[in-house]
Amino acid sequence: MAKLDETLLTGLPPFSKLEQSAIRGILDKAKLHRHNERAVIFNEGQAADRFFLLLDGYLRVIRSTPGGDQIILLHISPGQLFGIAPALHRDTYPATAVAAAESVALSWPVRLWPEFMSRYDGFATESYRTLGQRLGQIQETLTEMATQAVERRVASAVLRMISQSGRKTESGIEIAFPVTRQNISDMTGTTLHTVSRLLSAWERAGIVASTRKHILVMKPHELVMLSEIQG
DNA sequence: ACATTAAGGGGTA
DNA sequence: TACCCCTTAATGT
């Protein structure tokens, strides 16, 4: 396999404080993965033999309910660690990771985890920061699901996606990866029909513009209002 | 205030 | 063509 370029990791939080030689060593132990949209990177319950860093693209983290349908817990954007089961002292992945768009990731065998934690300055802090953020985000989503009306939940979900993956354009901020109505309903515990109706209503109000798998938010502030204030 | 059902349009492999 | 994504109206809880 061709040698990976060191600039892939320089500047990324887990490795930002490292010397070139250390980064070289880390890259030489890494495996490079490319995934097409909808490809499964690993499954919930599967033996966690490697941990990952997303270089490019977007992932969905999914859990299946006993009822059979799936819940989208969160998205992962470039530069983030994922599949870090060893940080939770687990030997299986707690959720399924699916590529939301064409993605590129690096991975390392879990046996290198202790070494990374102790040897590389910033890696441990970044891992725990990531875990904390994820936990907080999931907790927030779940509380939302249990307590708030559908329109507020959908507004929050869209806002979360644009704050994590928003791409600025002339007319607003667009979600940087493909999202279907069904996807949003899987994030918010509602149906694709309700999501479709809400997006249509918001479109008539000039808040968003959406086409197939693509959402552009033209008035983020209005969405914030919808996510906070009772309709 | 929501889900479900039904019926259809349009795009794409 | 079959399949996926999206829309809307009517009806049900």
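In what follows, chains carry the letters A, B, and so on, assigned in the order in which the sequence lines appear, proteins first and then strands, with residues in each chain numbered from 1.
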Whole-Å distance separating the CZ atom of Arg38(A) from the C1' atom of dC5(C)
11 Å
May I ask you to evaluate whether Arg181(A) reaches the phosphate of dC6(C), defined as a side-chain N or O under 4.0 Å from OP1 or OP2?
yes
Is any side-chain N or O of Thr190(A) closer than 4.0 Å to OP1 or OP2 of dA3(B)?
yes
In whole angstroms, how far is the P atom of dC4(C) from the NZ atom of Lys213(A)?
11 Å
Can you establish whether the number of heavy atoms outside Gln20(A) located under 6.0 Å from its atom CD is more than 12?
yes
For Thr180(A), answer base if it contacts any base atom (sugar-phosphate contacts may also be present), sugar-phosphate if it contacts only those atoms, and nothing otherwise; contact means non-hydrogen atoms under 4.0 Å.
sugar-phosphate
Is the closest basic N to carboxylate O distance between Glu174(A) and Arg167(A) below 4.0 Å?
yes
Figure out the CE/P separation between Met145(A) and dC2(B), and round it to whole Å.
14 Å
Going by distance alone, is a donor N or O of one side chain under 3.5 Å from an acceptor N or O of the other, for Thr194(A) and Thr191(A)?
yes
Between dC2(B) atom P and Glu151(A) atom CD, what is the distance in whole Å?
8 Å
Any residue of residues 192-202 of chain A with a heavy atom less than 4.0 Å from an atom of DNA chain B
His193(A), Thr194(A), Arg197(A)
Count the heavy atoms of every other residue, nucleotide or ligand shown that sit under 6.0 Å from CZ of Arg24(A), and state whether that count exceeds 12.
yes
Rounded to whole Å, please give me the gap between CZ in Arg153(A) and P in dA1(B).
13 Å
Using whole Å, what does the distance between atom P of nucleotide dA3(B) and atom CG of Asp186(A) come to?
13 Å
When you check the gap from the basic side-chain N to the acidic O, do Lys213(A) and Glu37(A) get nearer than 4.0 Å?
yes
Give me the one residue out of Tyr120(A), Phe52(A), Phe51(A) that meets ring-ring contact (aromatic ring centres under 6.0 Å, His included) with Trp113(A).
Phe51(A)
How long is the line joining CZ of Arg212(A) and P of dG10(B), in whole Å?
13 Å
Return the nearest nucleotide to the side chain of Ser210(A); candidates are dT4(B), dT12(B), dT7(C).
dT7(C)
Take atom CZ in Arg90(A); do more than 12 heavy atoms of anything else shown fall under 6.0 Å from it?
yes
